[in-house]
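Some notes on the structure that comes next.
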Amino acid sequence: DLHMLGNPALSEAIVDTFAAYRPELSVLDAVVAMEGAGPVRGPARQTGWIAASDDAVALDAFAGHVCDFRPHSVRTTTAAAEAQYGVADMDQISVKGAEVEPLRVRLRQPHLPPARWPAWLGRLGRRLIYTRPRVLPDLCIGCGGCREACPAKCITIEDYAHIDRQRCLECFCCMEACPRDAIAVDESLLTKLMR
């Protein structure tokens, strides 16, 4: 599973997968967007637009621009542009059918670690700055959906799900798979203070 690669290699692997068959037309439904901590628990925000392009990279760059993401902050978009699979520079992207400014909405962004850490800083940072899945035992029914979805195979079921922190990739596939919303986002105090 690609999640085993971790970031930034995961972003590059997603781009390699995209390159295997690039779509002739990409459609982005942004009538309602999710902001903040994803992949499934962020609050919904009305944005009210739909866009399409024959350049999927440009479409992603446009979406990031409209939602007030810093240029090059979306790793997959940057990696795809660097591989020359499309354009990510808004100065080179022509938008037709609507004015850009009325579409703008500032979405709260997820907190991500820098793309590359020195090894010692990574170990320290992982203890102090983290966003990871946390099982809510009172809601967990032990169905095993999270265990099946986990690419690192680090979840065991004993009355309820248990996550091995040493092996967890923090990809949140378990959260997506849980039918009971029994997996929450656990953030360190330092992560919360950095908002």
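Counting begins at 1 with the first residue of the sequence. All figures in this text were calculated on a predicted structure; none of them were measured in a lab.
The backbone N or O of C67 sits nowhere less than 3.5 Å from a side-chain atom of R106 that would complete a donor-acceptor pair.
Criterion: ILVMFWY side-chain heavy atoms under 4.5 Å apart, direct or through other members. Under it, F18 and V87 are not part of a common hydrophobic cluster. Cluster membership check: I50 shares its hydrophobic cluster with V32, using side-chain heavy-atom separations under 4.5 Å among Ile, Leu, Val, Met, Phe, Trp and Tyr. By the criterion of side-chain heavy atoms lying less than 4.5 angstrom apart, applied directly or through intervening Ile, Leu, Val, Met, Phe, Trp or Tyr residues, L107 is not grouped with V66; the two fall into different hydrophobic clusters. There is no path of hydrophobic side-chain contacts, each under 4.5 Å, that joins I14 to V57. Taking hydrophobic clusters as Ile, Leu, Val, Met, Phe, Trp and Tyr residues chained together by side-chain heavy-atom distances below 4.5 Å, V27 shares a cluster with V31.
Atom CZ of R104 has more than 12 neighbouring heavy atoms from other residues, nucleotides or ligands inside a 6.0 Å radius.
Ion pair R45/E35 flagged as a salt bridge, since at least one NZ, NE, NH1 or NH2 atom sits closer than 4.0 Å to an Asp/Glu carboxylate oxygen.
Note: L139 CG to R180 CZ = 7.0 Å, rounded to the nearest 0.5 Å. The distance from atom OG1 of T131 to atom CG of D186, rounded to the nearest 0.5 Å, is 8.5 Å. Atoms CG and OG, on D55 and S26 in that order, are 8.0 Å from each other to the nearest 0.5 Å. The structure places CG of L25 at 7.5 Å from OG of S53, a figure rounded to the nearest 0.5 Å. Distance check, rounded to the nearest 0.5 Å: NE2 of H162 to SG of C140 gives 8.0 Å. Note: T78 OG1 to E12 CD = 10.5 Å, rounded to the nearest 0.5 Å.
Looking at heavy atoms from C-beta onward, M175 lies in side-chain contact with V185 at the 4.5 angstrom threshold. Put simply, the side chain of I183 does not reach to within 4.5 Å of the side chain of L136, judged on heavy atoms. Between S94 and K96, some side-chain heavy-atom pair lies under the 4.5 Å cut-off. Inter-residue side-chain proximity for R108 and P43 is flagged as met; some heavy-atom pair is nearer than 4.5 Å. Contact check for I163 versus V135: side-chain heavy atoms found under the 4.5 Å cut-off. Contact check for P133 versus C168: side-chain heavy atoms found under the 4.5 Å cut-off.
When all heavy atoms of V15 and A79 are compared, the pair lying nearest together is CG2-CB, 3.8 Å. Contact record, C146 with I157: SG-CD1, 4.3 Å, taken as the closest heavy-atom pair. Of all heavy-atom pairs between A177 and G145, the closest is CB-O, 3.7 Å. Looking at every heavy atom in both residues, A88 comes nearest to I93 through C-CD1, 4.3 Å. Of all the heavy atoms in A161 and I155, the pair that sits closest is CB-CG2, 4.0 Å.
The ring-ring contact (aromatic ring centres under 6.0 Å, His included) pairs that include a residue from residues 54-95 are W49-F62, where partners are two or more places apart or lie in different chains.
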* Yes or no on side chain to side chain contact (heavy atoms under 4.5 Å, CB included) for R132 and R165, after CA distance, side-chain angles and deciding distance? -> CA-CA 9 Å; R132 59 189 180 201; R165 291 269 169 245; 3.6 Å; yes
* **Working for side chain to side chain contact (heavy atoms under 4.5 Å, CB included), residues K153 and R167** => CA-CA 8 Å; K153 303 299 178 201; R167 293 168 42 214; 4.0 Å; yes
